[in-house]
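When a residue number appears, it is its place in the shown sequence, counting from 1.
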Amino acid sequence: MLRFLMLALLWAGGATAQQVEVKATGLNHPWSLAFLPDGAVLVTERNGRLKRIAPDGRLTEISGVPAVFHESQAGLFDVVLHPRFAENQTLFLSFAKGDFKANATAIVRARLEGNRLTGVREIFVNAPMKAGPVHFGGRMVALGDGSLVMSTGDGFDYREQAQVKASGLGKIVRIGGDGSIPADNPFERSPVWSWGHRNPQGLALDAETGTLWAHEHGPRGGDEVNRIEKGRNYGWPVATRGLDYSGATISPFQSYPGMEEPRVVWVPSIAPSGLAVYRGDMFPEWQGSLIVGALASEELRLVTLDAGGRLTAQARIVPEIDVRVRDVRVAPDGAVWVTTDEPEGRVLRVSKAP
């Protein structure tokens with residue numbers, strides 16, 4: 001049975017009554033959501049399962065998902081629909097490929113036919129491979145020109161690779177929908193779109209302005225929100241507001257010439273995961289703002305920026321959601337959907353109260 005939680009939220013002087021509805025439970029660290037044209041929702045589980053949530057709440061597993069490396073942070077990550085999904089039923093999955101000693105973030109392309117994937121084809125494997133089960137990135141966005149961008153982590157023990165253009169670690173990459181490298185990428189015959197990242201787990205396109213936003217985990221402090229632009233260097237690990245987990249200094253520089261300044265910095269860390277640009281009619285007071293999920297601070301946070309991308313306000317929203325948040329999505333009807341990062345994780349829908 002669906003549960004509803006009623007709450008009142010004050011934001012920018014206005015009160016908006018909301019309800020939080022539990023759409024699915026018992027999911028293994030649900031990582032990502034995608035809205036199907038028929039009203040159903042796809043959800044990935046970190047342990048390698050893909051499921052469909054029907055409008056009536058029934059859960060059905062989708063077969064044909066490729067094998068994933070599942071340990072600690074490694075597993076099945078994002079699911080993104082092709083922009084022409086209604087015509088071609090094509091989707092993309094990102095996941096950890098390999099094993100503990102040698103692994104990489106990878107992408108497959110497939111068709112969804114009923115409750116199974118067909119024509120599964122690997123179109124990207126990040127290089128070089130790394131060891132260990134952490135810092136994969138794995139967030140994707142399908143762009144209007146048919147290309148696909150994805151974040152990659154620095155592999156944790158390989159942070160210097162984020163500053164190496166020839167390495168795929170600590171980057172945002174851009175490929176064609178078939179895995180090809182677009183001719184207008186900033187570096188010849190390279191998938192690298194931007195560099196100097198640590199572990200971005202939020203990536204969202206503002207369809208109205210065309211702006212690509214990302215957030216990434218800092219180490220001990222120094223989480224960032226960045227406006228992603230072609231060929232730019234975002235600093236890690238040369239410039240950071242964070243410390244190593246031991247408390248040691250990573251870099252003497254908080255900023256550095258030729259490297260982009262973050263639009264938002266969080267010290268201490270909130271551990272951001274999941275990012276959406278709110279464009280919808282249900283909550284007009286959120287229009288154009290970023291909605292950020294957080295693992296460490298266990299919240300949803302609204303981040304408002306001006307036309308120049310400068311922070312003007314931020315606040316916790318939907319206080320009834322006080323759990324590790326992994327993903328945030330805005331549905332076609334303007335409702336906000338959230339996944340919780342738990343062994344028995346949930347999918348939640350935030351909508352306007354009747």
Side-chain angles (χ1 to χ4, degrees), residues 34 77-88 90-95 104-110 121-128 136-154 161-216 224-236 238 256-263 275-277 279 290 305 307-309:
F77 304 136
D78 217 345
V79 54
V80 168
L81 304 185
H82 190 282
R84 298 193 306 277
F85 177 86
E87 303 167 26
N88 61 23
T90 296
L91 56 77
F92 304 94
L93 295 172
S94 62
F95 61 101
T105 312
I107 302 173
V108 296
R109 173 183 174 126
R121 181 164 63 92
E122 190 173 87
I123 62 170
F124 179 79
V125 180
N126 199 30
F136 292 90
R139 288 288 177 198
M140 299 186 293
V141 170
L143 302 181
D145 62 2
S147 65
L148 189 69
V149 290
M150 182 183 72
S151 65
T152 71
D154 67 354
Q161 292 288 307
Q163 286 298 317
V164 178
K165 290 181 187 176
S167 169
L169 297 175
K171 307 297 190 293
I172 290 174
V173 298
R174 175 175 174 252
I175 61 173
D178 59 358
S180 61
I181 296 175
D184 59 345
N185 271 11
F187 310 113
E188 189 176 4
R189 294 189 295 275
S190 171
V192 172
W193 185 253
S194 65
W195 48 310
H197 299 286
R198 186 171 181 266
N199 190 28
Q201 290 191 326
L203 196 59
L205 180 69
D206 186 341
E208 185 167 304
T209 65
T211 303
L212 183 64
W213 293 99
H215 62 54
E216 61 187 79
E224 298 179 357
V225 174
N226 288 296
R227 184 163 67 184
I228 303 302
E229 297 184 46
K230 176 180 179 178
R232 300 293 178 88
N233 184 343
Y234 290 83
W236 175 256
V238 175
Y256 198 82
M259 297 182 180
E260 298 301 303
E261 287 288 317
R263 303 307 173 117
L275 176 66
V277 180
R279 294 293 181 188
L290 306 180
L305 305 159

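Between E261 and N226, the side chains place no donor N or O within less than 3.5 Å of an acceptor N or O (distance only, hydrogens not considered). Defined by atom type and a distance below 3.5 Å, a donor-acceptor pair is missing between the side-chain atoms of R232 and S194. No hydrogens or angles considered: nothing links the side chains of W193 and N185 as a donor-acceptor pair under 3.5 Å.
With values rounded to the nearest 0.5 angstrom, D184 atom CG is found 12.0 Å from I181 atom CD1. Taking CD of Q161 as the start and CG of D154 as the end, the distance is 9.5 Å to the nearest 0.5 Å. Between atom OG of residue S151 and atom CZ of residue F77 there is a gap of 9.5 Å, rounded to the nearest 0.5 Å. Rounded to the nearest 0.5 Å, atoms NE2 (H82) and OG1 (T90) are 6.0 Å apart. In this structure, T211 OG1 and R227 CZ are separated by 6.0 Å, a value rounded to the nearest 0.5 Å. Residue M140 holds its CE atom at 7.5 Å from CE of M150, rounded to the nearest 0.5 Å.
A side-chain contact (heavy atoms from CB on, under 4.5 Å) with I172 is found for exactly one of I228, V192, V141, namely I228.
For R174 (side chain) and P191 (main-chain N/O), no donor-acceptor pair under 3.5 Å exists by modelled atom type. Side-chain N or O atoms of T152 include one that pairs as donor or acceptor with a backbone N or O of G168 at under 3.5 Å. When atom types are taken as modelled, the side chain of K171 and the backbone of V164 share a donor-acceptor pair closer than 3.5 angstrom. With hydrogens and angles disregarded, a donor-acceptor distance shorter than 3.5 Å links the side chain of Q163 to the backbone of W236. Of the possible donor and acceptor atoms, one in the side chain of S94 sits under 3.5 Å from a partner among the backbone N and O of D78. Side-chain atoms of H197 never come within 3.5 Å of backbone atoms of N199 as a donor-acceptor pair (strictly under, hydrogens ignored).
With sequence neighbours excluded, the residues satisfying side chain to side chain contact (heavy atoms under 4.5 Å, CB included) with L305 are W213, V264, L290, V303, L311.
The two residues V173 and F124 make their nearest non-hydrogen contact at CG2-CZ, 4.0 Å. A204 and A276 make their closest contact through CB-CA, 4.1 Å (heavy atoms, listed as atom of the first residue, atom of the second, distance). G177 approaches I123 most closely through the heavy-atom pair O-CD1, 3.7 Å. Here the shortest heavy-atom pairing between V225 and H215 reads CG2-CB, 4.0 Å. Between G196 and N233 the shortest heavy-atom distance is CA-OD1, 3.7 Å. When all heavy atoms are compared, the tightest approach of N126 to A104 is O-CB, 3.3 Å.
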Evaluate the side-chain contact (heavy atoms from CB on, under 4.5 Å) criterion for residues L205 and L143: first the C-alpha distance (whole Å), next the side-chain angles of each, then the deciding distance (0.1 Å), finally the verdict.
CA-CA 8 Å; L205 180 69; L143 302 181; 4.0 Å; yes
Could you go step by step and tell me if R198 and E216 meet the salt bridge (Lys or Arg N to Asp or Glu O under 4.0 Å) rule?
CA-CA 7 Å; R198 186 171 181 266; E216 61 187 79; over 6 Å; no
Please test V108 against F95 for side-chain contact (heavy atoms from CB on, under 4.5 Å), starting from the C-alpha separation and ending with a verdict.
CA-CA 9 Å; V108 296; F95 61 101; 3.5 Å; yes
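Considering only heavy atoms from C-beta on, L203 comes within 4.5 Å of L212 through its side chain. Taking 4.5 Å as the limit, every side-chain heavy atom of L91 sits out of range of all side-chain heavy atoms of V80. Side chains of D206 and R279 form a contact here, defined as non-hydrogen atoms less than 4.5 Å apart.
A salt bridge does not link R109 with D178: none of the charged nitrogens is closer than 4.0 Å to a carboxylate oxygen.
Residue Y256 qualifies as open at atom OH: its count of foreign heavy atoms under 6.0 Å is 12 or below.
Using the six-membered ring where Trp is involved, W195 and F187 have ring planes that are perpendicular, over 60° apart on the 30 and 60° scheme.
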